[in-house]
K.L.:
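Shown below is the structure under consideration.
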Protein chains: 2
Amino acid sequence: MDETPERLAGKPSWLISQLSVHVHRLVADAFSAEGARGYHYRILAALDEFGATSQIRLAQRSNMDRSDVVAAINELAAHGFVERSPDPDDRRRNLVSLTDAGTQRLEELEKVIEGVQEDLLSPLPQDERAALSRLMGRLLAHHRTR
Amino acid sequence: MDETPERLAGKPSWLISQLSVHVHRLVADAFSAEGARGYHYRILAALDEFGATSQIRLAQRSNMDRSDVVAAINELAAHGFVERSPDPDDRRRNLVSLTDAGTQRLEELEKVIEGVQEDLLSPLPQDERAALSRLMGRLLAHHRTR
DNA sequence: CACTTTCGTTGGTTGCGCCAACATTGGCGC
DNA sequence: GCGCCAATGTTGGCGCAACCAACGAAAGTG
């Protein structure tokens, strides 16, 4: 009943994008239950790991467009998870920093996204999960640099 | 310079969605150069493999929403690649069928998408490509049935 | 015969990834 | 110092893919 054309089923591009659809659904459902979305987690993660920076560096680190960073920061700031302050060294820049509430928020979202990984990978044993990550990582590294 | 937070880089969900971004870009660029998009190829592939059917079966087979099938069929029909005819057995249905031009179109798009696979997988040797496809296929099969 | 279901269709919404344009500010050549 | 270009934040827009609600017409079911 669930017929998928061979032409599609056999193509890596199809597998990746369909898998991504499921991933996106899992992530979006889990995050939206918390009133968050992917962009928020990405920015919080980047701030937590690399510390306060300009929005443009945030954009690079979380692989987003700078205009989308603006919107996401607006939303995060409205909840008090991040703060914007003018950079004294360069008045063009906003220094975006994580608040205590933001750190806490990140830990919440971290739990959520960890649960999603489990859901996602449940059919694979540990060694195959690692193999999959390794292969995807190789492809990604290649296409990021070029 | 290209710093990605560990929290992201280590997560399969991140790898999949970022990989999907690159895939989507490759596919969209290649198809749009031909004036097509992913939905068109999916529908043509389903029609070619399973023959003329109702739009709702097409939607299932190409994993699309039925409302999106409407739009895609409109576009394909405008170019003469598919035809809508009323189903004599059930007047609620449209029988959608592939024209000769449509078969030809599919072969064009097939070449395009085959080129994308090569691009995409170029950093991996043959056996690792197979391993990757196998693993993704297993995940996909699991999440489709549940 | 009502009642419900199916199908096509219309008209939205959302998330994510983009791009163009503009004002402000900074840096650099002169 | 002045003029020009680059960087930054911001606004407003676009496209694709996925999805949803509602409707009329037609079919099926009691």
Side-chain angles (χ1 to χ4, degrees), chain A residues 8 13-14 16-43 53-60 62-75 77 82 84-96 143-144, chain B residues 8 13-14 16-33 35-43 53-60 62-77 82 84-96 143-144:
Chain A
L8 300 182
S13 62
W14 171 260
I16 291 171
S17 30
Q18 289 307 294
L19 207 44
S20 165
V21 170
H22 288 281
V23 166
H24 184 264
R25 196 172 45 75
L26 290 175
V27 172
D29 286 359
F31 275 167
S32 83
E34 304 266 339
R37 54 198 187 100
Y39 278 177
H40 298 171
Y41 175 72
R42 294 201 216 176
I43 286 182
T53 38
S54 66
Q55 296 182 191
I56 216 145
R57 295 214 68 188
L58 269 181
Q60 295 162 199
S62 47
N63 211 29
M64 294 170 55
D65 188 274
R66 55 183 176 159
S67 64
D68 297 320
V69 170
V70 173
I73 297 273
N74 285 344
E75 292 158 7
V82 302
R84 266 193 265 241
S85 55
D87 185 335
D89 296 342
D90 187 340
R91 282 184 305 170
R92 289 172 302 181
R93 294 190 183 132
N94 288 333
L95 267 184
V96 181
H143 289 281
R144 236 177 339 117
Chain B
L8 299 182
S13 63
W14 170 262
I16 291 171
S17 28
Q18 290 305 296
L19 206 44
S20 166
V21 170
H22 288 282
V23 166
H24 183 265
R25 196 174 43 78
L26 289 175
V27 171
D29 286 358
F31 275 167
S32 82
R37 53 196 188 104
Y39 278 177
H40 298 170
Y41 175 72
R42 293 200 216 176
I43 286 181
T53 39
S54 65
Q55 296 181 190
I56 216 144
R57 295 214 69 190
L58 269 181
Q60 295 162 200
S62 46
N63 212 28
M64 295 169 56
D65 188 274
R66 55 181 176 163
S67 64
D68 298 319
V69 170
V70 173
I73 298 272
N74 285 345
E75 293 157 8
L76 289 168
V82 301
R84 267 193 263 241
S85 55
D87 186 335
D89 296 344
D90 186 341
R91 283 183 303 169
R92 290 171 303 181
R93 293 190 184 134
N94 288 333
L95 267 183
V96 181
H143 290 279
R144 276 172 75 72

K.L.:
To the nearest Å, give me how far apart CD1 (A:Ile56) and C1' (C:dC19) are.
P.N.:
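So the CD1-C1' distance, A:Ile56 to C:dC19, works out to 14 Å.
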K.L.:
Applying side-chain contact (heavy atoms from CB on, under 4.5 Å), run through B:Ile73 and B:Leu58 and close with a yes or a no.
P.N.:
CA-CA 10 Å; B:Ile73 298 272; B:Leu58 269 181; 3.8 Å; yes
K.L.:
For B:Asn63 and for A:Leu95, find the nucleotide of DNA chain D with the closest heavy atom, then tell me which residue's nucleotide is more 5'.
P.N.:
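Closer to the 5' end of DNA chain D: A:Leu95.
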K.L.:
Expressed as a whole number of angstroms, how long is the span from A:His22:NE2 to D:dA18:P?
P.N.:
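Atom-to-atom, A:His22 to D:dA18, this comes out as 10 Å.
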K.L.:
Whole angstroms only, please: what is the CD-P distance between B:Glu75 and C:dT9?
P.N.:
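Spelled out: CD on B:Glu75 to P on C:dT9 is 13 Å.
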K.L.:
What nucleotide, of D:dC16, C:dT9, D:dC20, holds the atom closest to the side chain of B:Arg66?
P.N.:
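Taking heavy atoms from C-beta onward, the closest nucleotide is C:dT9.
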K.L.:
Is there a side-chain contact between B:Gln55 and B:Arg84 (heavy atoms, below 4.5 Å)?
P.N.:
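Side-chain contact under 4.5 Å: yes.
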K.L.:
To check you understand the geometry: which heavy-atom pair defines the closest contact between B:Leu8 and A:Tyr41, and what is its length?
P.N.:
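Residues B:Leu8 and A:Tyr41, closest heavy atoms: CD2-CE2, 3.4 Å.
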K.L.:
May I ask you to evaluate whether A:Arg91 reaches the phosphate of C:dG26, defined as a side-chain N or O under 4.0 Å from OP1 or OP2?
P.N.:
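Looking at the OP1 and OP2 atoms of C:dG26, one of them is under 4.0 Å from a side-chain N or O of A:Arg91.
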K.L.:
Between C:dG17 and A:Arg42, is there an OP1 or OP2 to side-chain N/O distance shorter than 4.0 Å?
P.N.:
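Yes, within the criterion.
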K.L.:
Reckon B:Val70 touches a base, only the sugar-phosphate, or nothing at all at heavy-atom distances under 4.0 Å?
P.N.:
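Answer is base: heavy atoms of B:Val70 come under 4.0 Å of a base.
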K.L.:
When we call it a touch if two heavy atoms are under 4.0 Å apart, what does A:Ser17 touch: a base, just sugar-phosphate, or nothing?
P.N.:
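Result for A:Ser17 = nothing.
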K.L.:
Between A:Arg37 and C:dC16, does any side-chain N or O lie under 4.0 Å from OP1 or OP2?
P.N.:
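Result: yes.
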K.L.:
Could you let me know what D:dG1 is paired to, Watson-Crick or G-U wobble, both distances under 3.5 Å, or none if it's on its own?
P.N.:
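Paired with C:dC30.
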K.L.:
Search all heavy atoms of B:Arg37 against all heavy atoms of B:Phe31 and return the closest pair with its distance.
P.N.:
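Scanning both residues completely, I find the closest heavy atoms to be C-CD1, 3.7 Å.
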K.L.:
Can you tell me the distance, in whole Å, between the CH2 atom of A:Trp14 and the C1' atom of D:dA17?
P.N.:
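In whole Å, D:dA17 C1' lies 12 Å from A:Trp14 CH2.
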K.L.:
Can you figure out which of C:dG17, C:dT9, C:dC7 approaches the side chain of B:Gln18 most closely?
P.N.:
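It is C:dG17.
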K.L.:
Just wondering, do A:Val70 and A:Arg66 contact through their side chains at under 4.5 Å, heavy atoms?
P.N.:
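They are not in side-chain contact.
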K.L.:
Please give, in whole Å, the distance from D:dT29 C1' to B:Arg92 CZ?
P.N.:
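It works out to 12 Å between those atoms.
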K.L.:
As a test of reading the structure: which of D:dA18, C:dT9, C:dC18 is closest to the side chain of B:Val21, going by heavy atoms?
P.N.:
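Among the listed nucleotides, the one closest to the side chain of B:Val21 is C:dC18.
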K.L.:
How many Å lie between CG on B:Asp65 and C1' on C:dG8, as a whole number?
P.N.:
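Checked: the CG to C1' distance equals 12 Å.
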K.L.:
Return the 5'-most residue of the pair B:Asp68, A:Ser67 with respect to DNA chain C, ranking by each residue's nearest nucleotide.
P.N.:
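Its nucleotide being nearer the 5' end, the pick is B:Asp68.
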K.L.:
Locate the shortest heavy-atom distance separating B:Ala72 from B:Tyr39; write the atom from each residue and the value.
P.N.:
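Closest approach of B:Ala72 to B:Tyr39: CB-CB, 4.2 Å.
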K.L.:
Between B:Arg93 and A:Tyr39, which is nearer to the 5' end of DNA chain C once each is assigned its nearest nucleotide?
P.N.:
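Upstream on the strand: B:Arg93.
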K.L.:
How close or far is atom P of D:dG9 from atom CG of A:Asn94, stated in whole angstroms?
P.N.:
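Taking CG of A:Asn94 and P of D:dG9, I get 6 Å after rounding.
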K.L.:
Whole Å only: how far is the OH atom of B:Tyr41 from the P atom of D:dA17?
P.N.:
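Distance check: B:Tyr41 OH to D:dA17 P gives 14 Å.
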K.L.:
Distance check: side-chain N/O of A:Arg25 vs OP1/OP2 of D:dA17, anything under 4.0 Å?
P.N.:
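Looking at the OP1 and OP2 atoms of D:dA17, neither is under 4.0 Å from any side-chain N or O of A:Arg25.
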